[in-house]
Amino acid sequence: MSWSLIFGSLTWSVFPHNPIALFGAAVVVLGTIGAAWALSYLGLWRVLWREWFTSLDPKRIGVMYLIVASTMLVRGGIDALLMRAQQATSVGASQGILTAEHFQQIFSAHGSIMIFFVAMGMMFGIINLIVPLQIGARDVAFPFLNSVSFWLFAAGAILINVSLVLGDFSAAGWLSYPPLSELAYSPTSGVDYWIWSLQIGGIGSLLSGINFLVTIIKMRCTGMTYMRMPMFVWTVLGAMALVVFAFPILTATLALLSLDRTLGMHFFTAGGGGNMMMYVNLIWAWGHPEVYILILPAFGIFSEVVPVFSAKKLAGYTSMVLSVVGIVFLSFTVWLHHFFTMGAGANVNAVFGIMTAVIAIPTGVKIFNWLFTMYRGRIRFEAPIQWFMGFVVLFTLGGVAGVLLAEPPADYQLHNSLFLVAHFHTMIVSGVLFGYFAGIVYWFPKIFGFTLDRVLGRRAFWLWLVGFVLAFGPLYILGFMGATRRIDHYAASTGFQPLFLVAGVGALLIAGGFAFQIAQLVRSIRQRELHRDTTGDPWDGHTLEWSIPSPAPFYNFAVLPIVHARDAFWAMKRGRVPYQTHGFEDIRLPKNSALGILIAGFVLVLGFAVVWHIWWLALAGVVGAISVIVMRTFDEDTEYTIPASEVMRHDASVRHGIHTI
């Protein structure tokens, strides 16, 4: 039996050779071994398996999303530092620290990781933690599907990191345009790793989108009409509607590209009758709604934070809802602005240029409503609103740059330059990451029972803000000077190096900001008794999650709330509507299940096998995943009951010391 029949295209040559790649592989391998040893030494495997890995509690799933996303943020951040180091040193006779091929792989990995496994992970983590609490529900619509979704996301993250140890990663950019991503130009495993890590993680995201769309529509508590929903729930509803419509496009597009590479088909190869522009249209028909999938929940977080820390109601609630709906519809009408230079024609470019300017209107409505909310409010400058204020400054500047790029003539000059890179990062970092950082700080006591250290939190914010301005401000200037995207070497006569050095300093400051966030978490855990939330409502919140003890009980609500007004808990505290504290009943919750992790494990095996053309292993992955799914369908013992008397006792114990209304 030949080697290739058993191991496919895996050979000894797939291990990394250059020093930086070897170091990265060593960090992954030794880090994995070290973590496994530490967990074994501390005897935590059984606890993790019983309480976390098999849990169907959305709060625990949400925490695991955030842990994976934070880990991937470290990986993506290291990639960014390597790129900045290369651009600062690779000038004239110096070739820097990376080869051109390795730089392009790092570039591709950075973009893919940050969008798919950092931003999406933080989004779904916060959604899992907060949406059931805000709508007065005890769980999500499909608890087991929620577990499968997370583990598919984690499997995709694992697969993208395997490329550090075996083979390489795509050098075709973070969206892998053909023909560069076709087999003739990318014959190694890199593009296949990209396809299957995104495919697996993307299917998990699609399942989550379906789950939370149904949860919000069907599981709101009594009295919570659509126009009484918190704004965060509204933005999640819009984002999940986009997920349901956009992610099938991504799934189909990746499948077609994979068929081109593995079975010799020609959907996108011009020489075989295909059309690469079809790929570009499809990937951006997903890609631009994806921007709003990520940013809408962050907008929702700001819509919760600003009223609470201004001690006012949100200004213009109805207009905010309409702006969410407007963004959802308009986000499918602007994808072509990503390739104005591709020759679609003046008429087509004009239409999409106009629509790109139009979609800025509902976003502007939100900015003004947040500022009107703060006007004459009693503002408390806690960390969540600091992240918001940093967002307003950066996002407004980045939005102005976006309106400039919406003009096809300007885009022709700036499209392939670092100006575009600076604009994109301004929108995503300030609009997405800052939003999720604000949400994590804001809701941290509700999930863990204590607040985060304020001093280190402020230092982290300022390092992120100043570091971002230094890291990406020079890129706008470099774009005007003619520096192109993905540039890894340039002549000394260009005058680029001083600005790249400033950008490198900014990247280091951002890394320092993240280090302070880690230190903030460590100090807060060590001093958790000092920061303990004994009230359940440390910020004087407006929405239902603050009506229950901190940390939130595993069943969320001992008695399902009845809502009579918008900002339900704020109204309850002010005595305008009754707050229900009796009427305990039996609670049915889903049992823990290991089948979600098993399904994702088999799918991970499938993805790895297809990357390396190990067809017998791919078949085993398919059969294994289907077998576990079938096994689940025959399992009728999936829930357990908590008697009303036990609910009442537990609620009394966790509410001990908490103020009553």
Side-chain angles (χ1 to χ4, degrees), residues 55-66 122-143 146 208 211-224 226 228-237 239-240 297 300-301 303-305 307-308 384 436 438-451 533 535-563 565-573 579-581 587 589-590 642 647 650-651 654-655 658 661:
S55 176
L56 302 191
D57 183 349
K59 295 183 291 299
R60 301 213 166 191
I61 290 174
V63 171
M64 291 191 290
Y65 264 114
L66 293 179
M122 287 190 176
M123 179 187 77
F124 279 119
I126 294 174
I127 289 172
N128 267 281
L129 293 171
I130 301 305
V131 165
L133 296 176
Q134 284 204 330
I135 64 174
R138 293 197 175 104
D139 210 330
V140 296
F142 308 114
N146 201 25
S208 283
N211 199 351
F212 282 101
L213 192 66
V214 176
T215 298
I216 293 171
I217 292 173
K218 300 294 290 184
M219 297 189 67
R220 302 188 311 279
C221 65
T222 302
M224 183 170 283
Y226 283 108
R228 289 177 180 170
M229 290 196 311
M231 274 310 305
F232 178 67
V233 178
W234 260 112
T235 56
V236 172
L237 180 65
M240 296 305 101
I301 291 170
S303 297
E304 301 296 328
V305 164
V308 167
Y436 295 152
I440 289 169
V441 177
Y442 178 58
W443 282 306
F444 193 90
K446 182 50 56 184
I447 303 305
F448 295 102
F450 57 94
T451 57
D533 172 24
T535 67
D537 183 23
W539 311 120
D540 191 19
H542 293 186
T543 44
L544 288 175
E545 71 270 26
W546 304 111
S547 69
I548 60 177
S550 299
F554 62 96
Y555 48 75
N556 289 357
F557 296 91
V559 178
L560 290 178
I562 298 174
V563 170
R566 195 181 298 159
D567 292 329
F569 186 50
W570 214 40
M572 292 173 187
K573 287 188 290 187
Y579 179 69
Q580 190 174 2
T581 56
I587 295 176
L589 292 175
I642 310 172
V647 175
H650 187 273
D651 182 65
V654 297
R655 285 187 179 276
I658 295 178
I661 301 171

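Predicted, not measured: the structure shown is a model, and the values here were computed from it.
Using a distance-only test at 3.5 Å, with no hydrogens or angles considered, no donor-acceptor pair links the side chain of Trp570 to the main chain of Thr543. Asp651 places no side-chain N or O within 3.5 Å of a backbone atom of Val647 that could act as its donor or acceptor partner. Put simply, the side chain of Lys446 gets close to the backbone of Gly536: a donor and an acceptor are under 3.5 Å apart. In terms of modelled atom types and a separation under 3.5 Å, the side chain of Ser55 and the main chain of Arg60 share no donor-acceptor contact.
The cationic group of Arg220 lies under 6.0 Å from the six-membered ring centre of Tyr226 and within 45° of the ring axis, placing it in a cation-pi geometry.
A 4.5 Å side-chain heavy-atom check between Ile587 and Phe557 finds every atom pair outside the cut-off. Put simply, the side chain of Ile447 reaches to within 4.5 Å of the side chain of Val63, judged on heavy atoms. For the pair Ile642 and Leu589, the minimum side-chain heavy-atom distance is below 4.5 Å. You'll find the side chain of Pro445 stays beyond 4.5 Å of the side chain of Phe450, heavy atoms only.
Ion pairing between Asp567 and Arg228 fails under the 4.0 Å rule for side-chain N and carboxylate O.
Taken to the nearest 0.5 Å, the CG atom of Asp139 stands 8.0 Å off from the OG1 atom of Thr215. Atom OH of residue Tyr555 and atom NE2 of residue His650 lie 5.0 Å apart, to the nearest 0.5 angstrom. Rounding to the nearest 0.5 Å places CE of Met224 at 7.5 Å from CD of Gln134. Interatomic distance, CZ of Phe142 versus CG of Leu56, reported as 14.0 Å (0.5 Å rounding). In this structure, the separation between NE2 on His542 and CG on Asp540 is 6.0 Å, given to the nearest 0.5 Å. Atoms OH and CH2, on Tyr442 and Trp539 in that order, are 9.0 Å from each other to the nearest 0.5 Å.
Between Asn556 and the options Arg138, Glu545, Lys59, a side chain to side chain donor-acceptor pair (under 3.5 Å) holds for only Lys59.
Between Trp443 and Phe232, the ring planes are tilted. Angles from 30° to 60° get that label.
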